[in-house]
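Before any comments, here is the structure.
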Amino acid sequence: MTMIEAGQRHHLDKRVDLILEAASQADTDELLSTKAVAGWLGVSVQWLEAGRSRSYGPPFLRISARMIRYRRGDVRAWLAERKQARTAEYMVKLTGTME
């Protein structure tokens, strides 16, 4: 699991269970547009675009020079990695140590 840099915690971390549940019956291989993923996650298209360039967003596929798609199963796995049971777990990812 990758380290989360300071300031990268996002409001969607608090809603992981709800977001995952909303797509629990959907096809994991379905390819979604940036706009569709933004709507599903409740984030802006710009946040996803920044996440692609700064390596904090969900994995994506570059279909062509101007076409980006997200595999639903990859986004779900990325969300599951962000799920925390308690604050201390999040702090270990954030700092690398238990505070």
Side-chain angles (χ1 to χ4, degrees):
M1 209 173 302
T2 60
M3 293 283 290
I4 298 173
E5 303 220 8
Q8 287 189 347
R9 186 152 194 241
H10 196 267
H11 67 87
L12 67 87
D13 293 343
K14 298 175 185 175
R15 300 180 296 114
V16 168
D17 288 329
L18 294 173
I19 295 169
L20 288 173
E21 185 178 321
S24 63
Q25 302 302 316
D27 180 10
T28 59
D29 288 328
E30 180 182 6
L31 296 177
L32 304 170
S33 68
T34 301
K35 185 176 180 180
V37 173
W40 174 31
L41 299 180
V43 299
S44 68
V45 168
Q46 293 80 8
W47 187 86
L48 282 172
E49 291 170 345
R52 286 198 301 261
S53 66
R54 296 180 184 144
S55 301
Y56 63 77
F60 62 93
L61 301 169
R62 184 175 298 279
I63 305 298
S64 69
R66 299 186 70 178
M67 184 182 289
I68 300 293
R69 293 292 181 262
Y70 294 84
R71 184 174 285 119
R72 186 180 295 275
D74 292 343
V75 176
R76 293 189 75 217
W78 174 81
L79 279 169
E81 287 179 7
R82 296 179 69 93
K83 184 176 177 178
Q84 310 301 317
R86 53 197 180 108
T87 306
E89 290 177 13
Y90 183 78
M91 292 309 296
V92 169
K93 285 184 184 180
L94 186 65
T95 64
T97 61
M98 181 73 80
E99 290 186 1

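One is the number of the first residue; the rest follow in order along the sequence. Values below: every heavy atom of this structure, side chains too, minus hydrogens, waters and symmetry copies.
Annotation: the span from R76 atom CZ to W40 atom CH2 amounts to 6.5 Å, rounded to 0.5 Å. With rounding to the nearest 0.5 angstrom, the CZ atom of R69 is 8.5 Å from the CG atom of L32.
No continuous path of ILVMFWY side-chain contacts below 4.5 Å connects L31 to L41, so the two sit in separate hydrophobic clusters.
Of all non-hydrogen atoms in T34 and L48, the two that sit nearest each other are O-CD1, 3.4 Å. Shown here for D74 and P59, the closest heavy-atom pair between the two residues is O-CD, 4.0 Å.
If you look at W78 and Y70, their ring centroids are not closer than 6.0 Å.
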*Run the numbers on R52 and I68 for side chain to side chain contact (heavy atoms under 4.5 Å, CB included), then give the verdict.*
CA-CA 10 Å; R52 286 198 301 261; I68 300 293; 3.6 Å; yes

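Side-chain contact between R71 and L61: present, with at least one pair of heavy atoms (C-beta onward) separated by less than 4.5 Å.
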